[in-house]
Each structure stands twice: as structure tokens, then as C-alpha cells.
Peer 1: 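Below: one structure in C-alpha cells.
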Amino acid sequence: MGTLIYGFNVSVDGYIADAQGDIDWSDPSEELHQYWNDFERNTALSFYGRRLYELMAAFWPTADQQPETNPMIADYARVWRAMPKVVFSHTLESVDWNARLERGDPVDVVTKLKAETEGQLEIAGATLAAPVVRAGLVDEYRIVLVPTAVGGGIPYFPPLPSRIPLRLVENRTFPCGTILLRYESKRD
């Protein structure tokens, strides 16, 4: 059985994107970018919603082919292309870059694939993560606090039916004041 991780850069007021949907305020330092490169390199399967997949697919497939690309960006592009992805969408006709299209219920599909897949699994995107978080399927939360308040937008956590007890397993400070907080879900 795999370990499902939900991780994102998050503003200090709890948002993954501002009210306009922008994430440019979360520009990572080199050290933080390397952290995410290594995280993705160790991911056996990633779950994407349509919007985040389209955002990623618009840049990463050819990012390493640009003349001015630094080695860290090029590395992430190679890792992202190779990483197996499941993309949930009712509107996309097809997906590329080692991805498969899924139209089923996210909770059912994630439950099944989590049971069938060994290693680290990632759920990417707050909208897709919401029902999976509420269903109690997330084993670990990785919150990277960015020293910026955006005042509204897409929250990291959805409205919850009850508390989610967590245990801190790691904290780490990156340059420019970003802080990684890794929490495990406490299970009964």
C-alpha cells in the first residue's frame, strides 16, 4: 500500500493560489526547488486535477529544451515527464507525458490505486485533494509556508466535517523564510 502525500507551497494565510488563481508569489528558492525535485523523483504516482495538469503541461514538457534553462529546472522537467500521472477530468479528451485520463470518482480511484501502488503517491491540486482529504485518505501533509499573505483565493484545506489530528514529523527552514512543515495523519 502506498503513502498518499498532499503537499503545496502555501501562503501564511493558508492559500495555494491567490484570488486571481496566481501562484507567482510562491517562487521557490533554489534549495526549495531542489527539495520539490527530489520529492517528485521519489513519487511513484501523482494525481492531478485538470487545471493543475494543464498548467504543468503548458511549461514542463519542454522546459529543459529552452536555451537559458538552469540545471534545476531541466532536472524537474525530466522528472515531471517521466513520473506516472493520473489526471481527473470530464472535459479533456486526452493527456500526454506519462499520464492517463480518469473520469471516475476521485475518492474511489485514489483508494484503489493507493492499495495497489507501493511507495510515495502525491495528490496535486486543492480542488482534487478536497474530497480525498475529507475521506481521510491522506497519510501526510507537506505545507511549505511562504512568507506572503495573499488575502484570499484557493485554500490548502477544504471545509472539513471534523478535525484531522496531525503529528509533526519534520520542520525545515529554507532561504527567504519559507518553512516546510511535514505532518502525518494520526490514525486510531
Peer 1: For L180 and R182: C-alpha separation, side-chain torsions, deciding distance, then whether side chain to side chain contact (heavy atoms under 4.5 Å, CB included) applies.
Peer 2: CA-CA 6 Å; L180 165 68; R182 278 184 54 218; 3.9 Å; yes
Peer 1: Measuring from atom CG of L168 to atom CD of E170, what distance do you get when rounded to the nearest 0.5 angstrom?
Peer 2: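 Answer rounded to 0.5 Å: 8.5 Å.
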Peer 1: Search all heavy atoms of G136 against all heavy atoms of R187 and return the closest pair with its distance.
Peer 2: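 It is O-NH1, 3.2 Å.
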Peer 1: Counting N and O atoms only, with roles assigned by atom type, does the side chain of K85 sit under 3.5 Å from a partner on the main chain of W97, one being a donor and the other an acceptor?
Peer 2: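 Flag set: sc K85 to bb W97 pair under 3.5 Å.
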Peer 1: Between R41 and Q34, what is the shortest heavy-atom contact and its length?
Peer 2: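 Heavy atoms of R41 and Q34 come nearest at NH2-NE2, 3.8 Å.
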Peer 1: Parallel, tilted or perpendicular for F47 and F88, by the 30°/60° rule?
Peer 2: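 Correct class here is tilted.
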Peer 1: Return the minimal non-hydrogen interatomic distance between S185 and V138, and the atom names on each side.
Peer 2: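 Closest approach of S185 to V138, heavy atoms only: OG-O, 2.8 Å.
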Peer 1: Let me confirm one number: the CD-OG1 distance from E184 to T3, rounded to the nearest 0.5 Å.
Peer 2: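 Reported value, rounded in 0.5 Å steps: 9.0 Å.
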Peer 1: Per the side chain to side chain donor-acceptor pair (under 3.5 Å) rule, what does the pair list look like for residues 13-22, sequence neighbours excluded?
Peer 2: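 Sorted result for residues 13-22: S11-D13.
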Peer 1: Can you tell me how far apart CZ (R50) and OG1 (T91) are? Round to the nearest 0.5 Å.
Peer 2: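 It is 4.5 Å, given to the nearest 0.5 Å.
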Peer 1: Quick check for you: to the nearest 0.5 Å, what is the distance between F39 atom CZ and L32 atom CG?
Peer 2: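 Separation between the atoms: 12.0 Å.
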Peer 1: From the options V86, L137, I123, L128, select the one residue that forms a side-chain contact (heavy atoms from CB on, under 4.5 Å) with P106.
Peer 2: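 Among the candidates, only L128 passes.
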Peer 1: If two hydrophobic side chains count as joined below 4.5 Å and joins carry through other members, does I164 share a cluster with L4?
Peer 2: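 They do share one cluster, since a chain of ILVMFWY contacts under 4.5 Å joins I164 to L4.
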Peer 1: Side chain to side chain donor-acceptor pair (under 3.5 Å): which pairs involve residues 112-132, sequence neighbours left out?
Peer 2: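 Applying side chain to side chain donor-acceptor pair (under 3.5 Å) to every pair that reaches into residues 112-132, excluding sequence neighbours, yields T43-Q120, S46-E122, R51-T127, K112-E116, K114-D139.
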Peer 1: Mind checking the CG-CD1 spacing from L55 to I23? Nearest 0.5 Å is all I need.
Peer 2: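 One finds 5.5 Å between CG of L55 and CD1 of I23.
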Peer 1: Which pair of heavy atoms, one from V87 and one from A99, lies closest together, and at what distance?
Peer 2: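 Taking V87 first and A99 second, the nearest heavy atoms are CG2-CB, 4.0 Å.
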Peer 1: Taking all atoms of both residues into account, what is the closest heavy-atom pair of P155 and G153, and its distance?
Peer 2: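 Distance-wise, the nearest heavy atoms are CD-O, 3.4 Å.
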Peer 1: Under a 3.5 Å distance rule, please check whether Y6 uses its side chain to pair with a backbone N or O of Y156 as donor and acceptor.
Peer 2: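 Side chain of Y6 to backbone of Y156: a pair is present.
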Peer 1: Testing the basics here: between L101 and S89, what is the closest heavy-atom pair and its distance to 0.1 Å?
Peer 2: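 Minimum heavy-atom separation between L101 and S89: CD1-CB, 4.0 Å.
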Peer 1: Side chains of R142 and Y35 only: does a donor on one sit below 3.5 Å from an acceptor on the other?
Peer 2: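 Side chains of R142 and Y35: pair found under 3.5 Å.
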Peer 1: Quick check: does any side chain N or O of D108 sit under 3.5 Å from a backbone N or O of G104, one acting as donor and the other as acceptor?
Peer 2: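 No, the answer is negative, given that no donor and acceptor are paired below the 3.5 Å cut-off.
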Peer 1: CG of L145 to CD1 of I179: how many Å apart, nearest 0.5 Å?
Peer 2: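 Answer for the CG-CD1 pair, L145 versus I179, is 6.0 Å.
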Peer 1: Looking at E30, I'd like to know if its CD atom is crowded, meaning that more than 12 non-hydrogen atoms belonging to other residues, nucleotides or ligands lie closer than 6.0 Å.
Peer 2: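 Incorrect, the count does not exceed 12.
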Peer 1: According to a hydrophobic-cluster definition based on side-chain heavy atoms being under 4.5 Å apart (Ile, Leu, Val, Met, Phe, Trp, Tyr only), do V133 and L181 belong together?
Peer 2: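 Yes; tracing contacts between hydrophobic side chains, which count when under 4.5 Å, links both residues.
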Peer 1: Mind checking whether F157 and Y141 have parallel, tilted or perpendicular rings, split at 30° and 60°?
Peer 2: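 Judged by the thresholds at 30° and 60°, the geometry between F157 and Y141 is tilted.
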Peer 1: Transitively linked via ILVMFWY side-chain contacts under 4.5 Å: M56 with L92?
Peer 2: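 Both belong to a single hydrophobic cluster.
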Peer 1: Spell out, yes or no, whether Y76 and F8 are grouped together once hydrophobic residues are joined by side-chain heavy atoms under 4.5 Å, including indirect joins.
Peer 2: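 Yes: a chain of side-chain contacts under 4.5 Å links Y76 to F8.
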Peer 1: Is there a donor in the side chain of W25 and an acceptor in the side chain of N9, or the other way round, less than 3.5 Å apart?
Peer 2: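 There is no such pair between these side chains.
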Peer 1: Are M83 and L113 grouped together when hydrophobic residues (ILVMFWY) are joined by side-chain heavy atoms under 4.5 angstrom apart?
Peer 2: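 The answer is yes; both residues are in one hydrophobic cluster.
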Peer 1: For I73, what residues pass the side chain to side chain contact (heavy atoms under 4.5 Å, CB included) criterion, not counting sequence neighbours?
Peer 2: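 With neighbours one apart ignored, the set is H33, F59, W60, A63, T69, N70.
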